[in-house]
Structures are given as C-alpha cells and as structure tokens.
Protein chains: 2
Amino acid sequence: MTTPSSALALQRIALQQFATLGFAGASIGSIAQAAGLAKSSVLYHYASKEALLTAAVQPAVDALAAVVAGYPEGAGEEERERFVERFIDFLLEHRLAVHLFINQGQSLSGIPVLGRANALVQRFGELVAERIPSTADRIRFGVALGGAAYTLVAAANWSAGEVPETAEIRAALLDAVSSLLGQPARASAAP
Amino acid sequence: MTTPSSALALQRIALQQFATLGFAGASIGSIAQAAGLAKSSVLYHYASKEALLTAAVQPAVDALAAVVAGYPEGAGEEERERFVERFIDFLLEHRLAVHLFINQGQSLSGIPVLGRANALVQRFGELVAERIPSTADRIRFGVALGGAAYTLVAAANWSAGEVPETAEIRAALLDAVSSLLGQPARASAAP
DNA sequence: TGCCTGCCTGACCGATCGGACAGTTAGGCT
DNA sequence: AGCCTAACTGTCCGATCGGTCAGGCAGGCA
C-alpha cells in the first residue's frame, strides 16, 4: 500500500535534477537514465513530468505546512527558540525541495503543489511581518531564513575542501539565525 | 562604438528571463517577444543564446571581480566596513545577475563567463575562510552573503504589500550583514 | 539615380522535448 | 497447464527548441 522503494528512488533522483538543473532543464530522459530506466518507464510510474515533480516535493510541502502551523502565538523566549530549531531541522531535511521553492516557486506557481508552497511561504512572511513591522527587522528575517536555506545547498558546491558533518552545520546555522533574530536591528548590545 | 541602446534593452530583458525562468526555461523566442522583435532579430544581434547570456551578465562579473580584488588586506575596522558597503552596493546593482550566479552557476559552469563567476565566488569564500577558519564563522559568512542576495530578488516577489525604497533596503542589509560578520560566532554580547 | 549597409524578418532545418501506445517479459495464483 | 497483473521497453507523434539563410527595407552617400 505504501509507495514502493523504486518510486522513492525515482523521486530522490528527480528532485535532485529539478533542483540543480531547473524544472525545464531537467528532462524525463535524463532522470530515467540516472535511475537506470527507460523514459517510458518513468512515465509509467508518473503520469506526467508535473506529476513526478509533485510527488517529489509533496513531503517537503507537508513538512513546511506543519512548521508554519507551529509558529508560536506568544512572544515567549523558549517558544521562539524551539520554533527556529524546528525550522532549521526542516531546512536540513528538505534542503533540495527548499532550494526549488525559493528559486523556481514563482515561475512554477501554475503547478498546484508549488502554488501551495508559495502560499505557505507568503503566509509565513505575513505572520512574521505582523509581529515585527520594521523594515530592518523584516530584512533581518529574510536574510536569516533565506541565507540559511541558500547556504545549505549552494555552499557545498563552492566549498573547496571537506564538508563538515551535519551536527556541526546545524549548530552553526542555529547560531547565525539566532544572532539575527535574537535582538532587534541596530541594537547589537544586549542588556 | 559603445553598445547601442537596443542591445542594452535586449540584455536587460534577457537577464530578467534567464534569472527568473532559468537559462533552459527562457527561450530566445520569448525573449524576442518581450523585446518586440522576431526570434531571428535576437540572433542577429547575438550569435547564440550563450552569447546573449554572456553579454547580459558580463558587467556583473566584472563588477564582482573588482569587489573581490578590493578585499582588505589588513584587519582594520573601517576598511572591512567599507568593503561590506561596496559588496552590498554590488548586490543592489546586479541583483538579477547575482541570483543567476547563485542558482545556476554550477549547472552552467561550462559557459566561460559563468565559470569565471564561479571562480570569483570560490576565491571570495577562500579569502574569508582563510582568515576565519571556524565552521560557524564560515556559515555566518554564507548566511550573510547568500541571505542578502536572496532577499533582494526573492522577497520582492513574496512581499504582499508595498516595497520599501532602495535606501531603506540598503541600510537594513548593511545592518543585518554587519551584525553577522561584525563579531565572531557565539559572542553575541559586545564589550 | 543607383548602391551600399545596418537592421530586421519569415521560412526552413535537425534535434530534442513531453507524452501516447502497443507490446514484451517475469512471477504469482488457480 | 492457463491466466492475470505489475514492471518495463521501443516506437512513434506533434510541438518546440536553437540556429541558418535568403531576402526585404529604410536611410546615407555618390
């Protein structure tokens, strides 16, 4: 009843190519070749290229919906810290899909699953903007979240040497994001 | 002798479509249509799609080279601050090209001008990493630069309401990036 | 007047794309 | 044995892609 493992492997490969080459740049044929299948076999499992993309990013959209739904109501310090932590974990787990949302979400908004992802991100931004109406603070928020998402996918390609382990990356991201969101803009000195 | 204005408009439109739709997703026909020309006319001005991309991003690559070349040798406070300012101004002026570098630089590294852009970004990162070898600090660097670049191009699409003026954005970006690069990681309390 | 040159265009070409379709296997069930 | 189904494949189709080519067309110059 659950999705068979072959289909899961196909989704992983497809997501990888969609994220790095773009939806238009990645062809069904190249995805099939990377999976060791014929083009027709990919279209046997998924009715269309769009359906394959939908299946590949659906888990990330659901996880994003859960994260946004868990945005803290109050202004408690611990609550907000835990939220940032959940968000970072979401980024770590679904980094390729997040990369796709950020870079192709607008041009692919006609595809329902990406339209939903866009709506979630927009609602996310509204939630934050509602609480911190200053432009400087909102840009801090954008730099923190966008920067974290970008760093995860792009830095690995450019870093010449070895790649640090996940736990270290997680801690470093938490440090950077907390330092941006921890205090209001232009008030670098804590009380 | 200088580039005629019609070619400049073509470069602007092409860069816009390359950045938002991806190099593979943007067709010469759609670029021509947006410019009010026929497809053949675009190929009259530029020998190939690749040549058009090169012409469109060349100024940004040159500007990036100048910025990287101006990386301060010493550790002076003012020097580094001025450098961050120059970098932010570069991002503001060439935001679309930067978006293209970040998101398609790897998959388009076969095109010479993007290979050069990749080398510049990598050298940029090495310059910084050489001085601050900690993973946390390097990720701070990535979040700051990637986040700033991302915020400039992506946030505008998602922000529901009005867009703040350039000067305000510039100040807010300077604030956020300086707060990330101003002091080492895990030392949020200034003396 | 004729001619040249820069800008632009439609018609056309081969390659590749997403997708439809008719098979062909291999394995389980009766 | 016969049969059914899931997984997979090669072949074909129309559309679109990047790119070539022969020519139209206006303006400057003789």
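Just so it is clear, the values below take in all heavy atoms, side chains as well, and ignore hydrogens, waters and symmetry mates. Quick note on labels: first sequence line is chain A, next is B, and so on, each numbered from 1.
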Rounded distance (Å) that lies between atom [atom2] of [N] and atom [atom1] of [X]:
X: A/L10; N: D/dA7; atom1: CG; atom2: P; value: 12 Å
X: A/Q33; N: D/dG10; atom1: CD; atom2: P; value: 12 Å
X: B/L52; N: D/dG18; atom1: CG; atom2: C1'; value: 12 Å
X: A/L8; N: D/dA7; atom1: CG; atom2: C1'; value: 16 Å
X: A/Y46; N: D/dA7; atom1: OH; atom2: P; value: 11 Å

Any B/Y44 side-chain nitrogen or oxygen under 4.0 Å from OP1 or OP2 of C/dC8: no
Distance below 4.0 Å between A/H45 side-chain N/O and D/dC8 OP1 or OP2: yes
Interatomic spacing from CG in A/L52 to CZ in A/F18 - rounded to 0.5 Å: 4.5 Å
Spacing of B/T20 atom OG1 and B/L100 atom CG [to the nearest 0.5 Å]: 9.5 Å
Partner set under side-chain hydrogen bond (donor to acceptor under 3.5 Å, both in side chains) for A/R95, not counting sequence neighbours: none
For A/F124, all residues meeting ring pair (Phe, Tyr, Trp, His ring centres under 6.0 Å), sequence neighbours excluded: A/F83, A/F87, A/F141
ILVMFWY cluster, A/L53 and B/L21 together (side-chain gap under 4.5 Å): no
Dump the pairs, protein N or O against N or O of nucleotides 17-20 of chain C, anything under 3.5 Å, distances to one decimal.
from, atom 1, to, atom 2, distance (Å)
C/dG18, OP1, A/K49, NZ, 2.7
C/dG18, OP2, A/I28, N, 3.0
C/dG18, N7, A/K39, NZ, 3.3
C/dG19, OP2, A/K49, N, 2.6
C/dG19, O6, A/K39, NZ, 2.9

More than 12 heavy atoms from other groups under 6.0 Å of CZ on B/R86: yes
